[in-house]
Each structure stands twice: as structure tokens, then as C-alpha cells.
Amino acid sequence: MATVVDLFTYPVKGCAGTPLDSTHLTPAGLAHDRSFMVVSTDGVYRTQRRDPRLALVRPTISADGGRLTLASAERGSGDGGDGVRGGDGVRGGEDELHLDVTTSAPRRDVDLFGATFQGIDQGEEAAAWLSDFLGVPSRLVRVPPEHDRKTDGLTPGTSGYADSSAVHLLSRASLTHLHARMAERGAPPLAMDRFRPNIVIDSRPGERHVEDWAAAPHAEDRIRRMTIGAADLGYTKLAVRCAVTLVDQEAGARGGPEPLRTLAGYRRAAGGGVVFGAKFSVVRPGKLSVGDEVAVEEWGDAEA
């Protein structure tokens with residue numbers, strides 16, 4: 001038996017995650033997940049692949065999605081008492097920005113991996129803050145309410161500005177196994193945040209035994225349909241890993257060849273790419289909480 005041990009939403013694509021005790025799983029993923037994206041002035045997406053300092057931006061968003069705060073993990077998150085109102089929100093010194101989210105501003109084209117979507121520009125305050133922090137001209141856009149992206153995979157679905165499917169799930173057993181292989185190379189373990197999962201699962205405490213599927217590394221690869229809390233999820237594909245996993249999420253900089261060096265030795269998918277974790281579409285929205293049981297309704301063959 002498996003349970004949810006961690007939940008994370010990433011309100012701004014490429015930026016730090018927000019840990020949650022409970023949340024609502026929408027058709028596009030965990031509430032507010034990848035609802036915002038940092039883009040160049042030409043509208044091209046920014047991610048940690050080229051802008052690793054995004055990891056140092058700590059977003060928080062109100063439950064209704066109407067208020068977004070961007071805080072710098074590098075410089076602290078206090079406003080020093082000198083916040084001043086301007087434009088679209090309240091800027092609290094250099095360290096954080098408090099933004100009133102707009103959904104009524106004009107739409108603009110944005111590019112995500114060569115595909116064109118629409119984004120709602122969040123104004124000059126957000127653009128100035130991000131440009132200053134990243135050191136390159138940048139703007140912040142939000143997914144429009146009418147966003148109707150279709151994602152691919154075994155179970156089609158939708159998502160915001162995620163790379164592909166709405167939900168990324170990873171087990172602690174898979175990470176533990178990776179650490180054992182890395183240790184054989186003399187490499188230290190890595191934090192779970194290198195892989196930026198939405199849902200982390202593990203065996204229920206005190207119930208580890210030979211038949212415990214959640215104790216087996218990469219068991220999530222074989223899940224085809226599951227129920228967690230009040231929600232149902234359907235498997236789409238394995239999570240192909242990229243250079244983002246090389247970024248130290250606390251430092252906002254690349255930290256060496258791991259984990260890709262080790263993963264390349266045993267986690268290559270038949271269709272190409274290094275894979276770790278699995279992606280899912282939302283079949284039935286509902287509430288998720290840490291501690292929820294993961295009930296697998298259908299299994300399939302692993303693709304790696």
C-alpha cells in the first residue's frame with residue numbers, strides 16, 4: 001500500500017515549488033500549478049535549462065489565485081518596511097513583489113517548446129522585478145481562463161504551462177534506488193526537489209514487506225489508472241529528464257553531472273531519453289491530501 005507523503009505545486013513555471021498539506025486537483029493539475037510563466041520580451045519561455053536562477057524565485061499564491069508573491073531566496077523575503085504601491089501591485093523593496101493578478105489584460109502569443117499559446121501579461125512591476133533578478137529582459141504571463149491545451153500520451157488531458165502532462169508523480173523508493181547507484185560512483189545523494197514532482201508517494205509506515213508494491217523502485221512506471229483522495233488519474237508517459245535535474249535548487253546553479261550520468265546507465269526508455277518518474281492526466285478532479293492512500297485500479301508494463 002502506498003500513501004502520499006509530499007505535494008508540491010509550482011505556480012510559476014521553472015521557479016521553486018510550494019509544499020502543500022492538501023489541495024484541489026483540477027483538470028490541469030494541482031491548483032495553480034504552472035499557471036504562470038516567465039518569458040523573454042519576444043514571448044519565448046524561460047526555464048532552468050538556460051536560466052537556473054529561476055530556482056531562487058519562491059512564488060506563493062492566494063487560494064483564489066488573485067494575489068501572487070515572488071520572493072528572492074537569495075536575498076531574503078522581507079520588504080524592509082519600505083514597500084511602495086505602483087502599477088499592477090505592491091513592490092516590497094528588492095526582495096519580494098506582491099502582485100494583483102490580472103486576467104483582463106490583453107492576450108499575447110507565447111512560445112513553449114515551439115508551440116504557440118496565449119498568455120496574459122502581468123505588467124511592468126513583474127517584468128522589472130524578474131528582469132533585475134535574472135539579469136535578462138523578462139516578462140511574466142498567466143494562463144488565460146479560456147486556455148484549452150491538449151496534452152498527449154496514453155491518457156490525453158490538459159495542463160497549464162507544464163512541459164507536457166498535468167501531474168508528475170515519483171516514489172521515494174525510486175529516489176532511494178538512484179542514490180544507491182550514485183553511491184557506487186562515489187556521488188552524494190540529491191534532494192527530491194531536483195526532479196520537481198507534484199506528488200511523492202511511499203509505503204505506509206510500518207507496512208513494508210515483500211509484496212509491498214510501493215517499496216519497489218519505479219513501480220509508478222506501471223500504474224495505468226489510480227485513485228488518490230477524491231481524484232482519479234490516468235497514466236500518460238514516463239518523465240523524460242533534462243538538464244533541469246543538474247540544477248542545485250538551493251543554489252540556483254548547475255551542480256555537476258548527476259543525476260543524469262547515473263540515470264543514463266540504467267534508465268533509458270525504448271523510445272529514447274533518460275526517464276525517471278511518471279506523468280499523469282487528471283481523469284476526475286478532486287481533493288488531494290498528504291496521507292491519502294494511492295489505490296491502483298489498473299497496471300501495465302513498464303516502458304523502461
Side-chain angles (χ1 to χ4, degrees), residues 6-20 23 28-41 43-63 65-77 88-89 91-92 94-101 110-113 117 119-123 125-143 159-164 166-168 191-200 239 241-255:
D6 289 301
L7 291 170
F8 299 97
T9 188
Y10 304 84
V12 182
K13 181 178 182 64
C15 295
T18 301
L20 304 167
T23 188
L30 276 67
H32 310 302
D33 188 66
R34 278 86 171 188
S35 291
F36 298 84
M37 180 168 66
V38 182
V39 298
S40 68
T41 54
V44 179
Y45 69 100
R46 295 197 186 282
T47 74
Q48 291 183 31
R49 294 167 180 85
R50 292 189 177 180
D51 297 286
R53 281 177 56 77
L54 284 168
L56 299 178
V57 178
R58 300 282 190 262
T60 55
I61 191 163
S62 61
R67 187 75 164 168
L68 177 70
T69 297
L70 302 179
S72 164
E74 180 180 60
R75 297 177 292 195
S77 58
D88 299 323
R91 190 167 183 181
E94 290 185 335
D95 295 331
E96 63 180 39
L97 175 77
H98 304 284
L99 184 70
D100 292 324
V101 176
V110 293
D111 177 289
L112 180 60
F113 300 113
F117 298 102
I120 305 172
D121 194 283
Q122 296 301 300
E125 288 281 338
W129 194 95
L130 288 163
S131 297
D132 176 67
F133 189 80
L134 297 175
V136 289
S138 301
R139 303 198 68 86
L140 182 69
V141 297
R142 185 196 185 278
V143 168
S159 68
Y161 292 133
D163 283 6
S164 56
V167 176
H168 174 212
M192 181 68 81
D193 64 11
R194 285 290 185 101
F195 302 98
R196 300 172 62 78
N198 294 116
I199 302 174
V200 180
R241 310 318 310 207
C242 66
V244 171
T245 61
L246 305 178
V247 177
D248 183 329
Q249 298 295 299
E250 296 300 319
R254 289 203 179 191

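Side chains of D248 and R194 form a contact here, defined as non-hydrogen atoms less than 4.5 Å apart. Contact check for P19 versus D6: no side-chain heavy atoms found under the 4.5 Å cut-off. No side-chain heavy atom of W129 sits less than 4.5 Å from a side-chain heavy atom of L140. Considering only heavy atoms from C-beta on, K13 comes within 4.5 Å of L112 through its side chain. Side-chain contact between D100 and E125 is absent, with no heavy atoms from C-beta onward closer than 4.5 Å. Between R142 and L68 the shortest side-chain heavy-atom distance does not fall below 4.5 Å. At least one side-chain heavy atom of F133 sits under 4.5 Å from a side-chain heavy atom of S72.
Nearest heavy-atom pair, G160 versus V143, reported as atom, atom and distance to 0.1 Å: CA-CG2, 4.0 Å. The nearest pair of heavy atoms linking S164 to S159 is O-OG, 2.7 Å. When all heavy atoms of G29 and V167 are compared, the closest pair comes out as CA-CG2, 4.2 Å. The two residues E96 and A71 come nearest to each other via the heavy atoms CB-CA, 4.0 Å.
The distance from atom CG of L97 to atom CG of D132, rounded to the nearest 0.5 Å, is 11.5 Å. The CG atom of D95 sits 10.0 Å away from the CD atom of E74 when rounded to the nearest 0.5 Å. Put simply, CZ on R49 and CZ on R254 are 10.5 Å apart, with the number rounded to the nearest 0.5 Å. Atoms SG and CZ, on C15 and R53 in that order, are 11.5 Å from each other to the nearest 0.5 Å.
When each of F113, F117, Y161 is checked for a ring-ring contact (aromatic ring centres under 6.0 Å, His included) with Y45, only F113 meets the rule.
A donor-acceptor pair under 3.5 Å is absent between the side-chain atoms of D33 and the main chain of T9, judged by distance alone. In terms of modelled atom types and a separation under 3.5 Å, the side chain of R139 and the main chain of A126 share no donor-acceptor contact. At distances below 3.5 Å, not a single donor-acceptor pair connects side-chain atoms of T18 with backbone N or O atoms of T60. In this structure a side-chain-to-backbone donor-acceptor pair under 3.5 Å is missing from S138 to A127. Not one N or O on the side chain of H32 forms a donor-acceptor pair closer than 3.5 Å with the backbone of V12.
Annotation: ring-ring contact (aromatic ring centres under 6.0 Å, His included) contacts of F8 (sequence neighbours excluded): none. Taking Y10 as the reference, nothing meets the ring-ring contact (aromatic ring centres under 6.0 Å, His included) condition, with sequence neighbours excluded.
The existence of a salt bridge linking R34 and D163 is excluded, since no basic side-chain nitrogen approaches an acidic carboxylate oxygen closer than 4.0 Å.
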Step by step, would you call L7 with I199 a side-chain contact (heavy atoms from CB on, under 4.5 Å)? CA-CA 5 Å; L7 291 170; I199 302 174; 3.8 Å; yes
